[in-house]
Amino acid sequence: MLQVENLSKTYSQGKISVHALRCACITVRKGELLAIMGPSGSGKSTFLALIGTLEKATDGRVILDGIDLTAVPEKLLPRVRREKIGFIFQHYNLIPTLSALENVELSLRFSRVPKKEREERAKVLLEELGLGDRLSHKPSELSGGEQQRVSIARALANKPAVILADEPTGEVDSKTRDSIVRIFKELSEKGQTILVVTHDPEVAKECSRVLKITDGIIKDN
Ligand code: ADP
Ligand code: ADP
């Protein structure tokens, strides 16, 4: 379902080149919960950004759901990203002026789903994540764990082929971390493919597979 073939990324600044990712080859099956670990600067964010089409590969291919993401023309990328990829960030990146419901509904706004249906889908997702009584709360009125659950709902809204989570538990206490990991496990059991960059061995040990990156080289454990 996700195939990474000889994927490489070199950042060049004048005469200096940084080989952030070297020739990565990975196949991820549907429903896998994959942890990506490695020291700071080892290439984890670059790897996620390449799969998320936020960075352009220097070489190699990323094939998601039969689509070669590395061959999609620039102007079609926002749409492919919206329809195929769900992003979850360490700092949630919710829009502070919008309610939980509106934050989730917003990600459906570009789809051709009518407004009533968008609101209903957003509401159901938030209810499933235990936020049924938080629909009209703004991010500042929610705990860290609740904000992260809103951002999980947002990532799920378009039924993405893959969810990319960059340090999703980096800012929460261990109890909240465990509840987020439990949500990821339940989603993966239902067939949702999830890639999680994490420093936390407690998160990694709950994943179905762990990739380790050192100096841009990925090792499959
Ligand atoms: P990690 O997420 O594991 O901390 P990154 O993927 O952010 O690692 O970085 C990998 C390497 O690429 C590092 O040496 C970093 O300095 C470099 N790098 C990342 N982004 C850029 C950029 N936009 N321009 C130049 N170098 C970069
Ligand atoms: P936690 O202990 O789970 O991190 P908090 O102590 O931050 O949670 O918040 C406890 C509850 O109070 C949360 O469910 C949250 O929705 C609510 N809450 C927190 N801050 C505010 C606020 N500024 N306005 C309204 N409700 C809030």
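For ligands, and for the atoms within them, numbers begin at 1 and follow the listed sequence.
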ask   = Can you find a side-chain donor-acceptor pair between T198 and D200 that sits under 3.5 Å?
value = no
inquiry  = Under a 3.5 Å threshold, yes or no: a donor from one side chain and an acceptor from the other, between Y11 and T46?
reply    = yes
key: Value rounded to 0.5 Å, distance of OG in S8 from CZ in R22   = 9.0 Å
Salt bridge (charged side-chain N to carboxylate O under 4.0 Å, His left out) partners of residues 99-118, not counting sequence neighbours, each pair once = E105-R109, E105-R118, K115-E119
request  = Enter the distance from H19:NE2 to K9:NZ here, rounded to the nearest 0.5 Å.
outcome  = 12.5 Å
task = To the nearest 0.5 angstrom, please state how far the OG atom of S151 sits from the CD atom of E146.
result = 12.5 Å
query = Around ligand 1, what residues show up once you keep those with a heavy atom under 4.0 Å from it?
reply = Y11, Q13, V18, A20, P39, S40, G41, S42, G43, K44, S45, T46
